[in-house]
2 protein chains.
Amino acid sequence: MSKTYSVLNELLVELFNDILMIEQQALKSKDFNDLSITETHTIEAIGMYGDKTMSEVAEKLNITVGTLTVAVNNLEKKGYVERKRSEEDRRIVFVHLTNKGKLAYRMHEKFHSAMINEVIEGLTDEEEKILVSSLEKLNNFFKKRLKKIGGEE
Amino acid sequence: MSKTYSVLNELLVELFNDILMIEQQALKSKDFNDLSITETHTIEAIGMYGDKTMSEVAEKLNITVGTLTVAVNNLEKKGYVERKRSEEDRRIVFVHLTNKGKLAYRMHEKFHSAMINEVIEGLTDEEEKILVSSLEKLNNFFKKRLKKIGGEE
DNA sequence: TAAAAATATTTGAGAATCAAAATATTGAGG
DNA sequence: CCTCAATATTTTGATTCTCAAATATTTTTA
């Protein structure tokens, strides 16, 4: 069991917890303090451009469409998103961000920028490349794992 | 805005989501399928060795003691943990894992091992170093950020 | 000893979530 | 054209996680 193992394990666990806590706390202090983390993620999944169907958004968030319906109801009430029924196929419901919603989206984006910049800063181009490819490997491992679990049982 | 930025951002976001999903799905397939993610984390926080007070565990999990009380009620009912009132100070309640709880703890640990090992395996020494130091930077950024938010308001 | 502090539990309320039932619409086959 | 299956969404009922505030018990302090 190498030293890298325990270091990496702790780092990942801490990272994960910190991200959650920061997102939570960042919301409380800022404008848009009527948004929960989950709601912010919903806004993120709807995205800046064009309409998305309820199913598309739910899939992206890995939640059921029923859950999303409730979430969108509230976000609509608060003025962050709007619904629009498709004319071609009236079963389908499109959602998109209002101006207020787009503002919130950009706010969240800013948080991410600050985070990433902090990481990149102080890395050489070479190191930057290595970091990206390392994380890609990490990601691939997870994807593989997910497929395996999902496919079997 | 460099290309690295958006790539890194996406990687981190995906990573975060994948970890959540994998933990979720890992639980469903395995034994101990009567445990939620939250409950697993509670077990993790109680830890293998010795007794911990309710307050200590709640602090570690960043939840209120009230929330923990409910969680421990359920875990006790399912046989994963036990309570014991302190003799010296009868306000204090200690919790510790039962044998079943310890088994679950080790199970979760195994999952982490598999994850980290798989990642390290595919990396050269050079990449390993860079990955660790980058994650450390990311972590420092978060710690700083948390202190700032927590301290001010 | 009486008041204040510390520790934990209970309670009431609000999100987030799912599964299953209900609703509305479309498309295909006869 | 009518019916039935499939698709997309919403509604409903239940559970879990969470907090804040009220309550209970015990210890400490003044």
Side-chain angles (χ1 to χ4, degrees), chain A residues 16-17 20-21 23-25 27-28 32-46 51-78 80-96 150, chain B residues 16-17 20-21 23-25 27-28 32-46 51-78 80-96 150:
Chain A
F16 195 79
N17 288 334
L20 264 182
M21 282 196 53
E23 290 208 319
Q24 227 159 21
Q25 300 197 286
L27 283 171
K28 274 185 192 155
F32 307 118
N33 56 2
D34 62 339
L35 286 177
S36 68
I37 292 185
T38 309
E39 286 175 326
T40 307
H41 288 160
T42 305
I43 287 175
E44 207 180 5
I46 294 172
D51 291 311
K52 290 217 167 57
T53 70
M54 292 295 286
S55 297
E56 280 168 359
V57 176
E59 160 125 46
K60 198 165 188 175
L61 291 169
N62 291 307
I63 56 177
T64 63
V65 188
T67 300
L68 184 63
T69 295
V70 178
V72 168
N73 285 345
N74 294 323
L75 283 174
E76 202 170 22
K77 224 177 290 169
K78 296 186 198 165
Y80 288 99
V81 311
E82 273 168 358
R83 277 184 170 94
K84 195 177 67 187
R85 213 162 251 289
S86 164
E87 291 304 328
E88 294 96 51
D89 183 342
R90 299 194 44 72
R91 290 171 300 184
I92 294 174
V93 171
F94 290 118
V95 282
H96 63 266
Chain B
F16 193 80
N17 288 335
L20 261 183
M21 282 195 56
E23 289 210 319
Q24 229 159 22
Q25 300 198 287
L27 284 171
K28 272 185 194 154
F32 308 118
N33 58 2
D34 61 340
L35 287 176
S36 68
I37 291 184
T38 307
E39 287 176 324
T40 306
H41 288 159
T42 304
I43 286 174
E44 208 179 5
I46 293 172
D51 289 314
K52 290 219 167 55
T53 70
M54 292 295 286
S55 298
E56 281 169 359
V57 176
E59 160 124 45
K60 198 163 188 177
L61 291 169
N62 293 307
I63 58 177
T64 63
V65 186
T67 300
L68 183 62
T69 294
V70 178
V72 168
N73 285 346
N74 292 325
L75 283 175
E76 205 171 21
K77 221 176 293 169
K78 295 185 198 165
Y80 289 100
V81 311
E82 272 168 0
R83 277 183 170 95
K84 194 177 67 188
R85 212 164 251 287
S86 164
E87 292 303 329
E88 294 95 53
D89 183 342
R90 300 195 43 75
R91 289 171 301 183
I92 294 175
V93 171
F94 291 117
V95 281
H96 64 265

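In what follows, every chain begins at residue 1, and chains take the letters A, B, ... in the order their sequences are listed. This one's a predicted model, so the numbers in the text were calculated from it and none came from an experiment.
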**Message:** If you go through the side-chain atoms of B/R91, does one of them form a donor-acceptor pair with the base of D/dT25 closer than 3.5 Å?
**Reply:**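 No pair found.
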**Asked** Does B/K78 or B/I63 map to a spot on DNA chain D nearer the 5' end, using the closest nucleotide for each?
**Response**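 The answer here is B/K78.
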Just the rounded figure in Å: distance from [atom2] of [N] to [atom1] of [X].
X: A/I37; N: C/dA16; atom1: CD1; atom2: P; result: 10 Å
X: B/M54; N: C/dA6; atom1: CE; atom2: P; result: 19 Å
X: B/N73; N: D/dT18; atom1: CG; atom2: C1'; result: 15 Å
X: A/I92; N: D/dT10; atom1: CD1; atom2: C1'; result: 15 Å
X: A/E56; N: D/dT7; atom1: CD; atom2: P; result: 16 Å
X: B/L68; N: D/dC19; atom1: CG; atom2: P; result: 10 Å
X: B/L35; N: D/dT16; atom1: CG; atom2: P; result: 12 Å
X: A/N74; N: C/dG14; atom1: CG; atom2: P; result: 12 Å

**Message:** Here's a test of your reading of the structure: between A/E87 and A/A71, which maps to the more 5' nucleotide of DNA chain C?
**Reply:**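 Its nearest nucleotide being more 5', the pick is A/A71.
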**Prompt:** Atom CD1 in A/I63, atom OG1 in A/T42: separation rounded to 0.5 Å?
**Reply:**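 One gets 5.5 Å once the value is rounded to the nearest 0.5 Å.
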**Rounded distance (nearest 0.5 Å) linking atom CG of B/L61 with atom CG of B/L68** =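 Between atom CG of B/L61 and atom CG of B/L68 there are 6.5 Å.
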Between [options], spot the one nearest the side chain of [X], thanks.
X: A/V93; options: D/dT10, C/dA8, C/dT11; result: D/dT10
X: B/S36; options: C/dA16, D/dT16, C/dT9; result: D/dT16
X: A/R90; options: C/dT26, D/dT9, C/dT10; result: C/dT26
X: A/T64; options: D/dC19, D/dC17, C/dA19; result: C/dA19
X: B/T53; options: D/dA20, D/dT9, C/dA8; result: C/dA8
X: A/S55; options: C/dT26, D/dT9, C/dT9; result: D/dT9
X: B/V65; options: C/dC18, D/dT10, C/dT9; result: C/dT9
X: B/D89; options: D/dT18, D/dT27, C/dT7; result: D/dT27

**Prompt:** Where is the tightest heavy-atom contact between A/V65 and A/M54, given as atom of each residue plus distance?
**Reply:**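 So the two residues come closest at CG1-CB, 4.1 Å.
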**Prompt:** Side-chain contact, heavy-atom cut-off 4.5 Å: A/E44 with A/T40?
**Reply:**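 When only atoms from C-beta onward are counted, A/T40 and A/E44 do not touch, as no gap falls below 4.5 Å.
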**Prompt:** Is A/T69 close to A/R83 at the side-chain level, that is, under 4.5 Å between some pair of heavy atoms?
**Reply:**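 The answer is yes, as the side chains (C-beta and beyond) meet within the 4.5 Å cut-off.
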**Prompt:** Under the side chain to side chain donor-acceptor pair (under 3.5 Å) test, which residues partner A/R90, sequence neighbours left out?
**Reply:**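 Here no residue qualifies.
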**Prompt:** Do any side-chain nitrogens or oxygens of B/T67 fall under 4.0 Å of OP1 or OP2 in D/dT18?
**Reply:**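 Answer no for this pair, as no side-chain N or O of B/T67 is under 4.0 Å from OP1 or OP2.
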**Request:** Indicate whether OP1 or OP2 belonging to D/dT10 is found under 4.0 Å from a side-chain N or O atom of A/R83.
**Result:**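 It does, given that an N or O in the side chain of A/R83 lies less than 4.0 Å from OP1 or OP2 of D/dT10.
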**Prompt:** Across the strands shown, which category fits A/E88 at heavy-atom distances under 4.0 angstrom: base, sugar-phosphate, nothing?
**Reply:**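 Since only primed, P, OP1 and OP2 atoms lie under 4.0 Å of A/E88, the category is sugar-phosphate.
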